[in-house]
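This report concerns only the one structure given below.
Atoms within a ligand are numbered from 1 in the order they appear, just like the ligands themselves. We're numbering straight along the sequence, starting at 1. Excluded from the calculations below are hydrogen atoms, water molecules and symmetry mates; all remaining heavy atoms, backbone and side chain alike, are included.
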Amino acid sequence: MRLFFPATDHRQRFPEATDAEFGDWRWQQRHVLDDEEKLSRRFSLAPEERLGIAATRGIFRFGITPYYAALMDQEHFWCPVRRQAIPLPQEATARAEELVDPLGEDRHRPVPAIVHRYPDRVLLLALDRCAVYCRHCTRRRLTGHGAADFDREALDEAVAYVRAHPRVRDVLVSGGDPLLLSTERLARLVGDLRSIPHVELIRVGTRVPVCNPFRVDDELARALRRAEAFVVTHFNHPKELTAEAKEACERLVDSGVPVENQTVLLRRLNSSARIIADLNHRLLRLRVRPYYLHQGDLAQGLDHLRTPLSKGVEILKALRGHTSGLAVPHLAVDLPGGGGKVTLQPSYLVSQSDVGARFRNYLGETYDYPEPLDRDCSVPYESVFYGEEGREPERPSLACGP
Ligand SMILES: *Cc1c(COP(=O)(O)O)cnc(C)c1O
Ligand code: SF4
């Protein structure tokens, strides 16, 4: 029962659409509900939602695909799909500590479409449009204003930047949503990246499997497989795992494209261990691996969606040991101002000395772990394997732990 992936019924809210139309991703994007009038023809808005739409006009774009709108619960204000798609008035109020550029990305943009914050990997901003504009979006300064439109030239410049920087072995293609590019343009972009010898890993970050899963057709899946890319999805609640979303994820995985998921912790929408565990179990059932659980960033107007840091730790504590390790994501805090991601986890270490450590396990029981007698960890064969000179002088050093 828990692992049921229900089909989405559009007949009530979009009776005029044929099944074929509703299942066509371009029809979905052409019929995005992007103002109050279009939405209220399908959905009866609460007064606060009307205020929210009015207050955020000109601050951050608004738009919901018919598919995602069909998942919204008319009866419940706190429906997680509804709350991720329809703004509230709080979103229009920026607090003093909130930032326009919460992750300091603009300081690390050597060319307009590249964020280069870490030594060996970059973020490539492929376009500035999205299928649905998430109310929790932290990249709202870029998405959906038209101000940061990344044209062919900007993408060529981004690829040239990667080509010119041999230390970059990992490219995260993001945006906006890269899966809104035509398959031809996306295939050219990932193909260009794949042709760069020092690029090992290509990840494509997208919310399309959540908001317009019909986009994931065989041709797209084949193009991503050809480029040997990973896909990183963004499911935040089990309600988003419909039969259509399942088909999209499985099509990617069946085609040989590994799929990972990042979830944003959203106060009162998914801030519960039961919800995160259920979401991750269902994702694993589709062979999608939970990767990050993101603590909310300090973007303007998002205070009402942020959880205290202790909530994320409490959720991880409820998962670790109690369920498959594969269902336990990394809890990431992306430090305000551009410090990069750090991770938080429950502490299982009670005390530590040269001779050993004492731990408390997931059931609260205490166990001792003695250290080995010989503590020398130098690896004699290492210089044989890599050569005396070191085969990878460009790489950041990988230390062997504390
Ligand atoms: C999150 C992020 C990455 C990827 O980080 P991983 O921990 O490798 O997943 C790369 N660049 C930027 C700017 C990021 O924000
Ligand atoms: S899909 Fe991503 S970039 Fe687009 S609005 Fe949602 S969170 Fe922001």
For Val115, the ligand 1 atoms whose distance to one of its heavy atoms is below 4.0 Å: 13 (C)
Using a distance threshold of 2.8 Å, state whether an N, O or S atom of Cys137 lies below it from atom 4 (Fe) of ligand 2. no
among protein heavy atoms, the one nearest atom 9 (O) of ligand 1 is Tyr291 OH, 2.6 Å
Whether Arg140 and Glu91 form a salt bridge (side-chain N of Lys/Arg under 4.0 Å from carboxylate O of Asp/Glu) is what I want to check. yes
Indicate yes or no: does Asp218 engage Arg251 in a salt bridge with an N to O separation below 4.0 Å. yes
Classify the side-chain pair Asn236/Gln84 by whether it contains a donor and acceptor separated by less than 3.5 Å. yes
Heavy atoms of the protein only: does one fall short of 4.0 Å from atom 6 (Fe) of ligand 2? yes
Mark up the atoms of ligand 1 that fall under 4.0 Å of a heavy atom belonging to Leu172, in ascending order. 3 (C), 4 (C)
What is the closest protein heavy atom to atom 12 (C) of ligand 1, and at what distance does it sit? Tyr118 CE1, 3.8 Å
Please report which non-hydrogen protein atom sits nearest to atom 1 (S) of ligand 2, along with the residue it belongs to and the distance in Å to one decimal place. Arg207 CB, 3.6 Å
Examine Tyr292 against ligand 1 and note whether any of their N/O atoms are separated by less than 3.5 Å. yes
Give yes if a backbone or side-chain nitrogen or oxygen of Arg203 is under 3.5 Å from a nitrogen or oxygen of ligand 1, and no if not. yes
Does Phe77 have Arg83 sitting over its ring (NZ/CZ under 6.0 Å from centre, angle to axis within 45°)? yes
Can you find an N or O of Glu105 that's nearer than 3.5 Å to an N or O of ligand 1? no
Between Arg139 and ligand 2, which part of the residue brings a heavy atom under 4.0 Å of the ligand: side chain, backbone, both or neither? neither
For ligand 1, indicate whether the residue Leu103 contacts it via side chain, backbone, both or neither (heavy-atom separation under 4.0 Å). neither
Honestly, for His116 the part within reach of ligand 1 (heavy atoms, under 4.0 Å) is neither
Checking the side chain of Glu98 only, and the main-chain atoms of Arg95 only, is there a donor and an acceptor separated by less than 3.5 Å? yes
Which atoms of ligand 1 are found less than 4.0 Å from any heavy atom of Arg117? 13 (C), 15 (O)
Starting from atom 1 (C) of ligand 1, what is the nearest protein heavy atom, named by residue and atom, and what distance separates them? Lys341 NZ, 1.3 Å
Under a 3.5 Å cutoff, is there a donor and acceptor pairing between the side chains of Glu21 and Gln28? no
We want to know whether His234 and Thr263 form a side-chain donor-acceptor pair, criterion being a heavy-atom distance below 3.5 angstrom. no
